[in-house]
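This is a predicted model, so every value here is computed, not measured.
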Amino acid sequence: MVMHAADAAGTYIPHFCYHKKLSIAANCRMCLVEVEKAPKPMPACATPVTQGMIVRTKSDKAIKAQKSVMEFLLINHPLDCPICDQGGECQLQDLAVGYGASASRYQEEKRVVFHKDVGPLISMEEMSRCIHCTRCVRFGQEVAGVMELGMIHRGEHSEITTMLGNTIDSELSGNMIDICPVGALTSKPFRYSARTWELSRRKSVSPHDSTGANLVVQVKAGKVMRVVPLENEDVNECWIADRDRFSYEALNSEQRLTQPMLKQGGQWQAVDWNTALAYVADGLKRVKAEFGAREIGAVGSPRGTVEELHLLARMVRGLGSENIDVRGRHADAGNLAADGRARWLGTSIASLTQLDRAFVVGSFLRKDHPLFAQRIRQAARHGAQVHSLHAVHDDWLLPLASRMTAAPSGWAAALAEVAAAVAAAKGVAAPLAAQATETAQAIAASLMSGERKAVLLGNAAAQHPQAGELLALAHWIAEQCGASVGYLGEGANSVGAQLVGAVPRDGGLSAAQMLAQPMKALLLLDVDPLFDAADAAAARAALQARGWWSR
């Protein structure tokens with residue numbers, strides 16, 4: 001389209017409804033340009049480029065058309081910029097400076113659109129501001145995978161709303177706030193709390209899953225006020241999940257500890273850092289001297305930074321112990337990569353969008369990895385065949401070519417069926433004896449076709465008691481079909497933790513072993529033993545036996 005050609009040439013054309021990640025709607029008409037020999041201005045976003053075409057984006061005819069569209073857009077737009085959360089970063093505000101008049105020729109009353117309550121995250125209190133670009137509608141359909149917003153009525157009675165007053169529940173819904181070019185959709189937690197020019201900005205990375213979504217954390221007076229995406233085409237494009245966007249509220253919770261505490265006489269007492277660190281250091285030295293380094297262990301979190309996990313591993317090994325692990329939820333302690341290597345995705349994140357075939361094993365894909373699900377959804381929209389092996393029929397909001405449903409104890413047998421179907425088709429020996437079902441044969445046939453293929457193991461597969469066997473079968477299938485194989489990853493730093501040695505080596509105890517037996521000294525870094533353990537009951541019993549757990 002002319003808009004794409006202009007972008008490539010570095011020429012800016014004003015627009016509202018056009019977005020590089022969404023389909024073309026051509027309903028705002030702000031991008032009208034003059035095309036030679038065309039009788040009237042044409043929308044740049046919906047006009048195909050042809051050989052020899054001459055387009056003028058700054059001619060008198062184009063500018064007059066754009067100013068006329070701006071005049072129409074402002075007929076009903078309320079004059080509430082001083083109180084609008086979008087003020088200072090509003091596309092309509094910016095373009096009105098260049099294309100708007102100083103006064104309106106319309107004297108009629110502006111229309112009123114009643115607010116909608118769509119949940120705790122997105123505010124639709126000022127829908128009179130909406131210019132009907134339908135970006136939010138298209139985002140839901142095309143990126144989030146579910147149409148939660150739509151337009152009803154016609155003309156000046158048109159309005160964006162949910163069906164039957166429902167809430168917006170998509171795990172990517174907050175991105176509607178970012179792509180709204182006016183202040184119709186705003187962040188409910190951030191609402192009326194700060195102006196954009198008052199905020200300082202810091203780059204960060206999401207801790208919630210292995211995507212590593214790039215973030216911009218916005219701070220005022222030492223308090224996190226808002227989190228928005230930092231565009232990175234190779235990782236998160238221009239999207240982030242709602243948990244990345246809104247979880248900052250926990251930082252400001254009254255229940256959050258802000259200083260070290262020691263338990264003395266059965267009561268927690270607040271102390272300074274020097275006292276707390278000296279107490280822990282002295283305790284570790286006494287345990288080592290009395291019971292030996294074998295009785296010291298540390299369980300970290302795959303959400304920790306590389307620096308934190310490196311220092312934790314270095315400290316534990318400096319004390320003479322190999323009991324260091326971040327795989328608290330993993331039941332198969334032996335499923336470890338070789339020293340200096342790591343279990344990882346097996347392909348680039350960006351390549352997920354280009355897949356022709358994908359076989360996802362043991363993942364609540366939308367909830368575990370919302371942005372990976374979004375990329376696989378885009379691949380499916382372009383014809384990719386996606387298959388799943390899981391214990392439940394959860395809705396990924398994308399078309400599945402086939403689905404195998406089995407209890408977790410039957411996943412290895414189900415993968416063996418797919419392997420048997422591949423072996424039969426290729427005339428080779430299968431790794432395990434199994435009878436291929438019709439679904440297994442369909443998955444095998446699909447994986448053996450196409451060019452770009454991946455076998456992806458989710459969190460439930462990584463934490464499975466037979467994780468090593470599942471990985472071996474997935475490797476065999478992928479090797480025979482020419483596909484990549486890898487883990488989607490449970491934490492933001494699952495791979496980094498392995499590379500810095502925050503996993504047991506040379507006979508060290510795994511996290512499951514450390515949490516299940518009463519050790520003399522156990523360091524927990526960003527870990528809740530009950531929520532982050534493969535066997536929560538065993539972890540509770542072990543900690544209670546040492547008097548370390550009372551709730």
May I ask you to check whether [X] and [Y] show a side-chain donor-acceptor distance below 3.5 Å?
{"X": "S173", "Y": "D242", "result": "yes"}
{"X": "Q374", "Y": "E237", "result": "yes"}
{"X": "E417", "Y": "Q435", "result": "no"}
{"X": "Q378", "Y": "R375", "result": "no"}
{"X": "S446", "Y": "Q385", "result": "yes"}
{"X": "E490", "Y": "H330", "result": "yes"}
{"X": "R327", "Y": "N335", "result": "no"}
{"X": "T211", "Y": "H369", "result": "no"}
{"X": "R201", "Y": "T196", "result": "yes"}

Are the side chains of Y487 and L471 in contact, using a 4.5 Å heavy-atom criterion?
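Result yes, sub-4.5 Å side-chain heavy-atom pair found.
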Could you check if a side-chain atom of V219 sits within less than 4.5 angstrom of a side-chain atom of L199, using non-hydrogen atoms only?
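No, their side chains stay 4.5 Å or more apart.
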Quick one: CG on N459 to CG on D368, what's the gap to the nearest 0.5 Å?
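One finds 4.5 Å between CG of N459 and CG of D368.
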Run L365 and L488 through side-chain contact (heavy atoms from CB on, under 4.5 Å) and show every step you take.
CA-CA 9 Å; L365 191 59; L488 292 170; 3.9 Å; yes
Between the main-chain N or O of [Y] and the side-chain N or O of [X], is there a donor-acceptor pair closer than 3.5 Å?
{"X": "D332", "Y": "G468", "result": "yes"}
{"X": "S321", "Y": "I296", "result": "yes"}
{"X": "D356", "Y": "R452", "result": "yes"}
{"X": "R366", "Y": "D394", "result": "no"}
{"X": "R357", "Y": "A384", "result": "no"}
{"X": "S170", "Y": "A144", "result": "no"}
{"X": "S210", "Y": "G489", "result": "yes"}
{"X": "D325", "Y": "P504", "result": "no"}
{"X": "R343", "Y": "V495", "result": "no"}
{"X": "R377", "Y": "V143", "result": "yes"}

Would you sort out whether K453 and S484 count as a side-chain contact (heavy atoms from CB on, under 4.5 Å), showing the intermediate values?
CA-CA 6 Å; K453 298 167 279 191; S484 64; over 6 Å; no
In plain terms, say whether [X] and [Y] are close enough for a salt bridge, that is, a side-chain N and a carboxylate O under 4.0 Å apart.
{"X": "R245", "Y": "D178", "result": "yes"}
{"X": "E322", "Y": "R505", "result": "no"}
{"X": "R329", "Y": "D532", "result": "yes"}

Please indicate whether [X] has more than 12 foreign heavy atoms, meaning atoms of other residues, nucleotides or ligands, lying under 6.0 Å from its [atom1].
{"X": "E290", "atom1": "CD", "result": "no"}
{"X": "R314", "atom1": "CZ", "result": "no"}
{"X": "W273", "atom1": "CH2", "result": "no"}
{"X": "E479", "atom1": "CD", "result": "no"}

Would you please name every residue forming a side-chain hydrogen bond (donor to acceptor under 3.5 Å, both in side chains) with Q269, sequence neighbours left out?
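By the side-chain hydrogen bond (donor to acceptor under 3.5 Å, both in side chains) rule, Q269 matches no residue at all.
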Tell me, with the steps shown, if T186 and E125 meet side-chain contact (heavy atoms from CB on, under 4.5 Å).
CA-CA 9 Å; T186 55; E125 291 292 322; over 6 Å; no
Before you tell me yes or no, could you show the steps for M261 and V271 under side-chain contact (heavy atoms from CB on, under 4.5 Å), namely the whole-Å CA-CA distance, both residues' side-chain angles and the distance that decides it to 0.1 Å?
CA-CA 6 Å; M261 303 185 78; V271 297; over 6 Å; no
Could you tell me whether W396 and H387 have their ring centroids closer than 6.0 angstrom?
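Aromatic pair excluded; centres sit 6.0 Å or further apart.
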Parallel, tilted or perpendicular: ring planes of H390 versus W411, cut at 30 and 60 degrees:
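Ring orientation of H390 relative to W411: tilted.
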Could you please spell out the steps behind the salt bridge (charged side-chain N to carboxylate O under 4.0 Å, His left out) verdict for R317 and D506?
CA-CA 11 Å; R317 291 194 170 102; D506 302 323; over 6 Å; no
Which atom pair, heavy atoms only, marks the closest approach of A298 to L522?
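For A298 versus L522, the nearest heavy atoms are N-CD1, 4.2 Å.
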Test of understanding: with salt bridge (Lys or Arg N to Asp or Glu O under 4.0 Å), list the residues that count as partners of K367, not counting sequence neighbours.
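Testing K367 for salt bridge (Lys or Arg N to Asp or Glu O under 4.0 Å), a comparison that skips the adjacent residues, returns E171.
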Looking at F190, I'd like to know if the NZ or CZ of R226 sits under 6.0 Å from its six-membered ring centre while staying within 45 degrees of the ring's axis.
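Judged by the rule (NZ or CZ under 6.0 Å from the ring centre, within 45° of its axis), R226 counts as positioned above F190.
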So, applying side-chain contact (heavy atoms from CB on, under 4.5 Å) with W476, which one of V418, V428, L415 is it?
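It is V428; the other options fail the test.
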Run S206 and D244 through side chain to side chain donor-acceptor pair (under 3.5 Å) and show every step you take.
CA-CA 6 Å; S206 163; D244 302 333; 2.6 Å; yes
